[in-house]
Amino acid sequence: MTMTTIVRPSPSVAGPAPTSVPLATPVPLTGTTTLTLAKAINAGLRQAMLDDPKVVLLGEDIGTLGGVFRVTSDLLAEFGKRRVVDTPLAESAIIGTAVGLAYRGYRPVCEIQFDGFIFPGFDQIVSQVARIHYRTQGAVRMPITIRVPFGGGIGAAEHHSESPEAYFTHTSGLRVVAVSNPQDAYSLIRQAIASDDPVLYFEPKRRYHVPGAVSPELGAPMESARVVTPGTDVTLLAYGALVATATDAAIAASDESVSIEVIDLRSLSPVDYATVEASVRKTGRLVVTHEAARTGGLGGEIVAVVTERCFEYLEAAPVRVTGFDIPYPPAKLESHHLPDLDRMLDGVDRALGRRR
Amino acid sequence: MTMTTIVRPSPSVAGPAPTSVPLATPVPLTGTTTLTLAKAINAGLRQAMLDDPKVVLLGEDIGTLGGVFRVTSDLLAEFGKRRVVDTPLAESAIIGTAVGLAYRGYRPVCEIQFDGFIFPGFDQIVSQVARIHYRTQGAVRMPITIRVPFGGGIGAAEHHSESPEAYFTHTSGLRVVAVSNPQDAYSLIRQAIASDDPVLYFEPKRRYHVPGAVSPELGAPMESARVVTPGTDVTLLAYGALVATATDAAIAASDESVSIEVIDLRSLSPVDYATVEASVRKTGRLVVTHEAARTGGLGGEIVAVVTERCFEYLEAAPVRVTGFDIPYPPAKLESHHLPDLDRMLDGVDRALGRRR
Amino acid sequence: MLDILAGDIPATFLQLVTPDGVRQPDDRLDPWVEDVTGAHLVALYQDMVVVRRIDAEATALQRQGELGLWPPLLGQEAAQVGSARALRPDDFVFPSYRENAVAYCRGVAPADIVRVWRGNAQSGWDPYAFGMATPNIIIGAQTLHATGWAMGALADGVDSVAVTYFGDGATSQGDVNEALVFAASFQAPVVFFCQNNQWAISEPVGVQARVSIADRAPGFGIPSLRVDGNDVLAVMAATRIALDRARTGGGPTFIEAVTYRMGPHTTADDPTRYRPAGQLEEWAAKDPILRLRLLLDGLGLLTPEVEEQTRARADATAAVLRAGCIDMPDPEPLSVLAHVYTTPHAALDGQRANYAAYLAGFEQTSSDSTGGKA
Amino acid sequence: MLDILAGDIPATFLQLVTPDGVRQPDDRLDPWVEDVTGAHLVALYQDMVVVRRIDAEATALQRQGELGLWPPLLGQEAAQVGSARALRPDDFVFPSYRENAVAYCRGVAPADIVRVWRGNAQSGWDPYAFGMATPNIIIGAQTLHATGWAMGALADGVDSVAVTYFGDGATSQGDVNEALVFAASFQAPVVFFCQNNQWAISEPVGVQARVSIADRAPGFGIPSLRVDGNDVLAVMAATRIALDRARTGGGPTFIEAVTYRMGPHTTADDPTRYRPAGQLEEWAAKDPILRLRLLLDGLGLLTPEVEEQTRARADATAAVLRAGCIDMPDPEPLSVLAHVYTTPHAALDGQRANYAAYLAGFEQTSSDSTGGKA
Ligand SMILES: Cc1ncc(C[n+]2csc(CCOP(=O)(O)OP(=O)(O)O)c2C)c(N)n1
Ligand SMILES: Cc1ncc(C[n+]2csc(CCOP(=O)(O)OP(=O)(O)O)c2C)c(N)n1
Ligand SMILES: [Mg+2]
Ligand SMILES: [Mg+2]
């Protein structure tokens, strides 16, 4: 079910079906260019495929259509159907055949069409992809990248707005990243594909069409977090689409003379605790935010680790601003589920002891 | 793959294959009886089936064989093949057909043969079982119980010793319990089946053959934790097989005049924080233990909640004593992975500030 | 009947009305539609016209921003109406997301059909009120639910049948194949109704299968029928055969209804990116409504009164749909937290209380007229 | 060849040597085993005797507490040896947990075969060294790996083939069916080798399928062969046919080897709880080794020298297995944390450092002779 109502807004009056989007010419990316997040991933995929003939893409509708979000646009035409594979409709098989390809020395990049469709492939991810290197005592590597558009806020139908990342950060053997901007999208897809470990690569679907400057540099290692906005009063951790909201919150808070240090985690497994701890040691206060359900989400893990390691630095209990413990709700209710600027500021207030 | 080497130890000298175990006569359970944990579940299943003709069992080898752990022994003979269903070998279908049966008013009890085999059924659990009540705005109930033998320490092959509970405690719409003794095994299987919500029921497989007194009373509600050993210095939270280890740790610690309050969580979703908080307010120190990998395990969530709610009562950072962030290791290495008495005591020492 | 159940490959293609509206006799199917009078044919025709109109209206509502998304069934009216009209009220339908005509035939109100797509709810109706589960978006998952329901019906000793709808793409999912395994193993009274509309979003059916979809089932021990899905009469006959087998202890049957998705996958899709030139025109010539018009006309049944009545019904239904859609109130904010569990759940109850207080705080603030979220 | 590929149901049962050791001519299979001389037959016989001996020795080692568990292949020697000996070194095997004879034929050392079952490791060997993945315990998962490997071989333009082994029970898993879908769609050079040993632990094959397992594949567009799995020659012929199809662009083939698990599911299982009376005896009469003995005897090839050499090989292999098993050193404690990732991982590295310090603390303590864990 393609559901991109907000990403590609439909005209507000009755009209003909949208006409075909012209195929973009391949992005050269020799210097810094302005690209949308989706195009930045596309450029990263293309570069990885140019660099290494063993990089192959697998997924539903990724070929002729270029994916329902057009992230793989034009790659079929450039690399052919052995390297850009429109698969039958079966996620377990997409992941499972990627395992076989990896056994043969390939570096498969699997696209899961929407977050909610990863679960039929869960067994192959958890019991095979994540473990084969361990199982074979290092003999077999699984350099598989699994791309997952994630998160809500696009007015979509059920299963199209989920944040399943915590299922994977609890799975030993996987690396997990989530990108928030075009530059990271580009740099991290290339690093993910280059990694000899399997990587879950989460794409913030409601930010696909936000443009940004992208240089061909790979930048900081995939495992590192990034301080987006330096601050002194509260540390606010976010990833994916919520980094933008957190940044807005920092601006809003500065109006009230509260200085928020926003950190974009980028890597969810492992978390870059060096950066997080340095910040918390400075601010003494922590807010973590994510769209996923609160209980068992990544926020709890981070709060636990920070409490373990920075106990004596904490001036207040860390605060979580998250989705509720509910299945993802219908579109008309999602604004009540998703952390927004107001809820983040409310969380900051609580971390500052201004409210309970 | 049946792998019950410790549960049913093989003779240490070469000998004939074990002969058929005589079928036990049905347990009447009119008064308090001594039963093993496995037999207690059997008795609870039987009572539930006697009480309600809509209770049906589904699973691999649960009929003629009575399950690889014999938990469903004799039930086929008593209730027939429409109510004790040996299914084809497919976990997604076991769960998925249970959904259909629930739609028709049944209360299915699914057996997953071993913890590691739940993942092929993950999609049906996460996207269907957990959500249909929410999806239908309460019109359709999913009173499905999913029984999962879990945990290690039995010298088993891969996928036979896992602790996947955190994947389910992060899944809104499910209730999750883990039992540690025959009485709870009996009471909670009956409560789980009686619940109109779906319940994941985790059975500590290495404790299957430990006997205990079982009364037909249902006792405290499924959602409540139980103080196993009262204490004043440190709160030690455990569930499943580790409750026994934790209790041993409390005894060992008392030799050194450390008073540990051991709490058996019983319910993992929701966690009975009233009981946990009361204890932590008293002791000021918390240790949580589980076999599952540390990162993203239930321990982190509990540490986060306790920190949020009892920040001013905590005298030290809570401590986690857990499995490592590794796939479950080969049998010869499992003792290095699993929390044992020494590691729990080490954790208690750290919570007491005696070590870092 | 056994001679038309595909045990061999390839399966026979079953048709009763040709694309140009000629009724072909068929000894194997005719007995199953003997009772279908001219009045019945007119009713089927009207159903198809009305559901096509619902589809068009919903597409328009989506373009106008009243719906978030809509999955059109344009071209699949005969497959859905012909099968749904063969069912009894006590049968139970487990659909995918495209079975809006089936929902209509089951009696679901037009506005309730679009409720999900407006984003107001995840179910537009109470499944028990109509014998039809709510749309399942996880491809193929519902086929297992149908099989389980049918196992229950068997155990209950009733002759109700579960019918599950899914697409050609769905046949690649493990779940659908496991459903075939379980249905065969337990001889469950379930009808697997596959609408092969030639596409799974942008992927032609050839990506999923190199032989007919109908050929899949016999290898699981399930007889199958391959029917012209644009021929409402043949679809009805095939469905009745399958239902009869199920009711009389014959177990599961698989039906492939060969049809065509004449519109986009959903309103968010653009089929011009992948549809080969000429394909739409080729299938337009086999249009299910057109062919029934031709048949009725040949039978002298397409009177001006019928035409007028049909138009009036379609117009009225469209008006009801539009009004019901536009007037649909937004769900209450706190309903976001309702119905997760049937009984209290400490964690969630705490979140609800907090959120209620949080929202109340805004109301407070805004009645202080300092702004904020209302 | 096409006339013996099952496109119809039921599939033909292929056999070259009857249970009483008589070689039956078969025009369809004979050309594929023309080159199998008496010496070859003797070699196959010896393989089978040796692997049965490995099996018996491993079972004994398990009873003696040297292995945690063992999944015997007793009765399935012909299915495994006949197929494995048809492979080339550059082919790649994706097995389940019972393919110990296949591992032997691929050259894996006896002790390495049992390494997993002793609990020392999760892989007894380097998959690349033998063209064989390590045992997969998740039922059916490996069939997808084989299909992916074969897609890679196709893209690489080589004529190597992936061969995947699985049981009758496995055919119910979604993964196996998805593997058939993908293999057909991409015409991947993969051989699906199903050992139908009549049981999935306590469930007879009838729970999984109401028609022959071999009948499943044609519905996916994959030709299948149903072969007497206790006839090593027929198995070899069938496997060669399938391999040849794969190497020459013919795509996937499905083989059902009809055999019998004469022992327990694993050493932890007790088949007397579920096996019907007489079934074991019935199959013992079709024993794969017995029948080859009878054939060789009839051909005058079962000389005392051959008998003696066979015995000696079996004895030697058993001795090597036993010694290798018993002498196997326990893995290093800290290896529990090795090979999770290929490059440093902060969280795990911290845990390793802590655990090393923790263990060192015990050594400290115990050298202080105050006890504790050594
Ligand atoms: C498990 C899963 N994977 C992917 C999707 C995304 N998706 C929605 S519809 C669709 C194509 C379905 O094709 P088909 O089964 O032929 O049904 P049709 O849409 O043609 O009616 C896909 C890939 C999904 N909804 N669920
Ligand atoms: C996904 C999964 N579910 C359940 C099991 C437990 N199990 C191990 S072997 C087995 C039976 C397998 O039967 P079959 O495929 O016929 O192979 P065989 O053991 O007869 O060789 C079962 C149910 C498992 N290993 N994996
Ligand atoms: Mg389709
Ligand atoms: Mg078997």
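Side chains are part of it too, since the values below use all heavy atoms of this structure and drop only hydrogens, waters and symmetry mates.
Panel note: side chain D/Y128, backbone A/Y103; a donor-acceptor pair is recorded below 3.5 Å. Side chain of D/H339 to main chain of A/H133: no donor-acceptor pair is present (N/O by atom type, distance under 3.5 Å, no hydrogens or angles). Without hydrogens or angle criteria, A/T97 side chain to D/T147 main chain gives no donor-acceptor distance under 3.5 Å.
With rounding to the nearest 0.5 angstrom, the CD1 atom of A/I94 is 5.0 Å from the CZ atom of D/F182. A distance of 8.0 Å separates CG in A/D123 from CD in D/Q173, rounded to the nearest 0.5 Å. Annotation: the span from A/I95 atom CD1 to D/L144 atom CG amounts to 10.5 Å, rounded to 0.5 Å. Rounded to the nearest 0.5 angstrom, A/S172 OG and D/H345 NE2 are separated by 8.0 Å. Distance check, rounded to the nearest 0.5 Å: OG1 of D/T343 to CE of A/M222 gives 7.5 Å.
In this structure, chain D has heavy atoms under 4.5 Å from both the backbone and the side chain of A/T87. Both the backbone and the side chain of A/A90 come within contact range of chain D, with heavy atoms under 4.5 Å apart. Neither the backbone nor the side chain of A/D272 comes within contact range of chain D, judged by heavy atoms closer than 4.5 Å. A/S195 does not touch chain D: none of its heavy atoms, backbone or side chain, sits under 4.5 Å away. Looking at D/A162, there are no atoms closer than 4.5 Å to chain A (heavy atoms on both sides), in backbone or side chain. When heavy atoms are compared at a cutoff of 4.5 Å, A/V85 approaches chain D solely by way of its side chain, counted from C-beta outward. In this structure, the portions of D/A153 lying under 4.5 Å from any heavy atom of chain A include both its backbone and its side chain. If you measure heavy-atom distances from D/A338 to chain A, the contacts under 4.5 Å come from the backbone alone. When heavy atoms are compared at a cutoff of 4.5 Å, A/A102 approaches chain D solely by way of its backbone atoms N, CA, C and O.
Between A/R175 and D/P344, the shortest heavy-atom contact is NH2-O, 3.0 Å. D/D175 approaches A/S92 most closely through the heavy-atom pair OD1-OG, 2.5 Å. When all heavy atoms of A/P88 and D/V181 are compared, the pair lying nearest together is CB-CG1, 3.7 Å. Considering all non-hydrogen atoms of both residues, D/F186 and A/D86 come closest at CZ-O, 3.7 Å. Shortest non-hydrogen contact noted between A/D196 and D/T342 is CB-OG1, 3.4 Å. Closest approach of D/E178 to A/A93, counting heavy atoms only: OE1-N, 2.9 Å.
Side chains of D/N136 and A/Q128: a donor-acceptor N/O pair is present below 3.5 angstrom, by distance only. Between the side chains of A/Q124 and D/H145, at least one donor N or O lies within less than 3.5 Å of an accepting N or O.
The closest side-chain heavy-atom distance from A/R82 to D/L154 is below 4.5 Å.
Contact count against chain D (heavy-atom pairs under 4.5 Å) is highest for A/V99 among A/L58, A/V305, A/V99, A/V271. When each of A/R131, A/K81, A/R83, A/R141 is scored by its heavy-atom pairs under 4.5 Å with chain D, the top score falls to A/R141. The candidate with the highest count of non-hydrogen atom pairs below 4.5 Å against chain A, out of D/A346, D/S185, D/P127, is D/P127. Ranked by heavy-atom pairs shorter than 4.5 Å toward chain A, the options D/L348, D/V336, D/V116 are led by D/V336.
Residues A/K54 and D/D156 are paired through a salt bridge, judged by an N-O separation under 4.0 Å between the basic side chain and the carboxylate.
A ring-centre distance under 6.0 Å is not found for A/Y134 and D/Y341.
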